[in-house]
Amino acid sequence: MAINDYEHKKIEPEVQKRWEEEGLYTTPENPSEKNKRYVLAMFPYPSGEGLHVGHVVSYTATDMYVRFLRMQGFEVLHPMGWDAFGLPAENYAVKTGVHPQETTNNAIENFRSQIKSLGLSYDWSREVNTSSPEYYRWTQWLFLQFYKNGLAYKKKAAVNWCPGCQTVLANEQVVEGVCERCDSAVAKKDMEQWFFAITKYAEELLLSLKGLDWPESTKAVQKNWIGKSEGAELYFPINKKCTYVLVHGYAGGADAHFLPWLQKQLEEKGHTVLVPTLPNTKNPNIEEQISFLKKEVTFDEDTIVVAHSLGSVVALKTIESLNVPIKRLITVGGFLDTDIATEKKYFATFDWKFDFKKIKENVREIVVLHDENDDVIPVTQAEKFERRMGARVVRVVATKPHFRGDAEATVLRAALSSLKVFTTRPDTLFGATYMVVAPEHPLLEIYTKDITNYDAVQKYVRDAKNKTDIERSKEGGEKTGVQLEGLTVLNPATNTPLPVFVADYVLPGYGSGAIMAVPAHDERDFQFAQNFGLPIIEVVQGEGELPRSSHGTLINSGAFSDRLSEEAREEITETVGGEMKTTYRLRDWLLSRQRYWGAPIPIVYDPDGNPHMVPEEYLPWLLPTDVDYNPKGTSPLGSSIELKERTERLFGPGWTPEIDTMDTFVDSSWYFLRFTDPHNSEVFADREKLHEWLPVNTYVGGAEHAVLHLLYSRFFVKALRDLGYLEFNEPFSALRHQGMILAPDGDKMSKSKGNIINPDEMIERFGADTLRAYEMFMGPFEQNKAWSTDNMIGVRRFIEKVWRLSEKVSVDSATNPRLLAQTIKKVTHDIETFRVNTVVSTLMICANAFEKMSTIAQTDFEKFLKLLAPLAPHITDALWRNLGNANSIHVSDWPHYEEKDLETDEESYVVQVNGKVRDTITVPTGTLEEDLLTLVRTEKIEKWIEDKEIKKTIIVKGKIVNFVV
RNA sequence: GCGCAAGUGCUGAAACUGGUAGACAGGCAUGCUUGAGGGGCAUGUGUCCAUUUGGACGUGGAGGUUCAAGUCCUCUCUUGCGCACCA
């Protein structure tokens, strides 16, 4: 055997070829639940720059773990694929004109061959490519399931626009006000965009983090991002005169139930109140009632309608037919259809069809009062209002069921228009001295006529909306704003009128976009109050200067003074008619992109502009190729004639396609599902196969995805579970992050700095086994590490040493059970726990021990090779077969050791006096304590003890004897 | 400001539930080996004093708990990461 020369260039390709011929890494079919392991490294974006040494770290660690599991008899799924849609290929196309498809395909070819040269044990028959129609067909199908179930929706909103990438971005893709991809300052833009309703899962996404075996730091990032706060919603009545129209219910009139009382109450507050009695009230006709109402009342922007019971139906129908919007509609025990606990004549004379869109346009706000004890109207009616019209539902207990009382205070409270705020400190309500709304707050559009300085307000709003987040934060927290003159609200606790401001320190998307300002106990409110000379009322006692946010005893708080703030918060909330409420910082996921190289959103619009789903039989809804992808601020798909013609051909003239594509994070939110059944053309993955493998047991990838891919995938799994497709709650049971590989100088590797280490070159010079082992040896897996080719030479020496050791192997040599047992124990434990660096050093220690022997027992050496096989799969397989084994080492069994082999005849004790090491002795194993104590009194020890009194003796079995004198 | 992680030789690092700090490598030094392309082997390598025996100090800093602390507790400094006008 010409064993002297270790030639990695010869050995590695040969071994790889043999693996392929033997089909070593084919995934087993029908794994058993206990025995299956799904181990996955995050699939890469196939960039033109090729594989990075950073990829090698996570893929090698995962591969090592997988090979180890297979040798232990587990059935393993270990696939690889391509996150192939994305901006770099498209940007390259803009520069060079080469189609992204071509760039991507080339990059994939290159990645695949690079990955193969590393000897990674993927089942290549399961490769997926997110940019292929066979894949994105299912991305689109999943989108449609979400759409059908209200989890995907289109909405106009102030969104993040990246001028560099010429597209909108999700919140998660904006880092400190700049685009995470191109570092451009992100601007706010009002646009109609597609969203996934991830916020519906905020609470569950937060709660189920607990059970995951994930790095605590990543869980903390997600927790932070979801940002749960518990507080209260409070209502501040708007201090303004309006015209109220009270509409009675079936068989009623102006004198029915609470109406006379309500009229009186509202009139006392200075409002105008009209209470028409509808015609034929015992046998009503809807058309007649609408025209009557419109004749009796002039509906305009100052009109507030309060409608009881059937009156709500009349009111809705009337509003539907108006030309100008009214301010508010309050339904009291209202309903939308005949699904109620009574049967009446009007069931037949009303048509029960509503144009909800029109109604929404014609009324600024709808409030639904529902009586918990209502004997006619079930709560489902209130829920319908909420779902169909976005109405705010308020559940109350009326004095008599169905609000039949003579005086209903809850109705009065709802009737008075109010500004809703969210606060985590309802206990400080008595200290609220002014209000602030965000520049985007709807109040500014509802009360246009009432705000006397509307021009100044408008100017401020316009300026604020034009500022980027960076510009806002540059102002260093300087608080600006404009008072809404002519408009005040009442503090519900004190009835004091409070001024209202618009200021951009209040954010539109959080809470209700409005706050009560308590300058004494909030830093920001304090600053603002100082700038504008507003009153500051201290309501919580405490030490130190204002503002301070600590809890304590309440003062200046009416009946609540002398109570503890934390204890009084719920009671205060209750007495002013607010509700305790939980709010999240998480926003819905903005998924549409104004770019080309992504999956088209499978939606088309009819000639009226209403969206419709592309039916399943037309999927994949192909990405057109006749596209001008130069960014112009509108979606490139808009330039495709083929797409437009396709839409008209399939749906009819005047129909138009959606031209936005999906965020590439949509593609990667479910690829781990597809790997279980990658070629299925009937479903996104066979249900049984899915559940055979999922959830992923161990997932490996970078920490930078903490609130992107990792959060999105969790949402997808939960949503698909609720749609009935999945039966598990979380995609990734365990997660491990790899650290970054930095350039030798400690900088990030980058093309512009020219400090990139190319894995191909390293494989060429040192071999894949050495590269793999070195990258594991560099340091703890999750830690960032700087590259050092010098240190890599040390690992190469180790690999060469192993090659040389095989010369000393002999069948006759005595075995060394203790050395092997120690090595097996440590390597097993370290691979299991991803302590990749000590796997290597343990194997080095074993090799060094072998080297000191003149001959090595073959069984020992074979065990050693098995332990090394997951790390260095080529050299070990070659040596294994040289030793006469017919099958690959990678299908052999992981070595075992006996506990007794770890035991020794002798054990050494460190002998301490007062905790300081003074001597070490060796005694036979099992020496009795009393004997040990005499043996331990060596000359050296006596010198330290001398005539001093021994106060205490501590013996730690097998380790230490400590005398305290 | 809030949340999280980490600070150990010249360098990468090791130290499982508190139990000989620096394993394993790199580098450096000395020696051996006709030994030739990133050779192999041996010895040494935390600091200071004694220079042989031995001793003192030492894991960012200051305290503390303990027979015993890199490890636990309190405070503090530095670095990195995440969030950040979130009411």
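Computation of the quantities below employed the complete heavy-atom set of this structure, encompassing side-chain atoms and omitting hydrogens, waters and symmetry-equivalent molecules. All values reported here derive from a predicted model rather than from experimental measurement.
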Review item, nucleotides 66-68 of chain B N/O atoms under 3.5 Å of protein N/O:
from, atom 1, to, atom 2, distance (Å)
B:C67, OP1, A:Lys952, NZ, 3.3
B:C67, O2', A:Asn962, ND2, 3.3
B:C67, O2, A:Asn962, ND2, 2.5

Enumerate the protein-to-nucleotides 3-12 of chain B contacts in which both atoms are nitrogen or oxygen and the separation is below 3.5 Å.
from, atom 1, to, atom 2, distance (Å)
B:G12, O2', A:Met778, O, 2.6

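A close approach under 4.0 Å does not occur between any side-chain nitrogen or oxygen of A:Lys801 and OP1 or OP2 of B:G39. Phosphate contact (OP1/OP2 of B:G54, side-chain N/O of A:Arg918, threshold under 4.0 Å): absent. Between A:Arg796 and the phosphate of B:A25, there is no side-chain N or O to OP1/OP2 separation shorter than 4.0 Å.
Using Watson-Crick or G-U wobble geometry with both donor-acceptor distances under 3.5 Å, B:G39 finds its partner in B:U33.
Checked against B:A15, B:G26, B:A84, the side chain of A:Arg797 finds its nearest nucleotide in B:G26. Of the candidates B:U20, B:A23, B:A84, the closest approach to any side-chain atom of A:Thr920 belongs to B:U20. Checked against B:U20, B:A87, B:A15, the side chain of A:Thr838 finds its nearest nucleotide in B:A15. The listed nucleotides are B:U20, B:C24, B:G38; the one nearest the side chain of A:Met844 is B:C24.
A residue-by-residue look at A:Val174 and A:Asp830 shows that A:Asp830 has its nearest nucleotide of RNA chain B further toward the 5' end. Comparing A:Asn837 and A:Tyr584 by the nucleotide of RNA chain B whose heavy atom lies nearest to each, the residue mapping closer to the 5' end is A:Asn837.
Residue A:Trp944 is in sugar-phosphate contact alone, with no base atom involved, counting any heavy-atom pair closer than 4.0 Å across all strands shown.
Salt-bridge check for A:Arg796 with A:Asp769: failed, with every basic side-chain N at 4.0 Å or more from each acidic carboxylate O.
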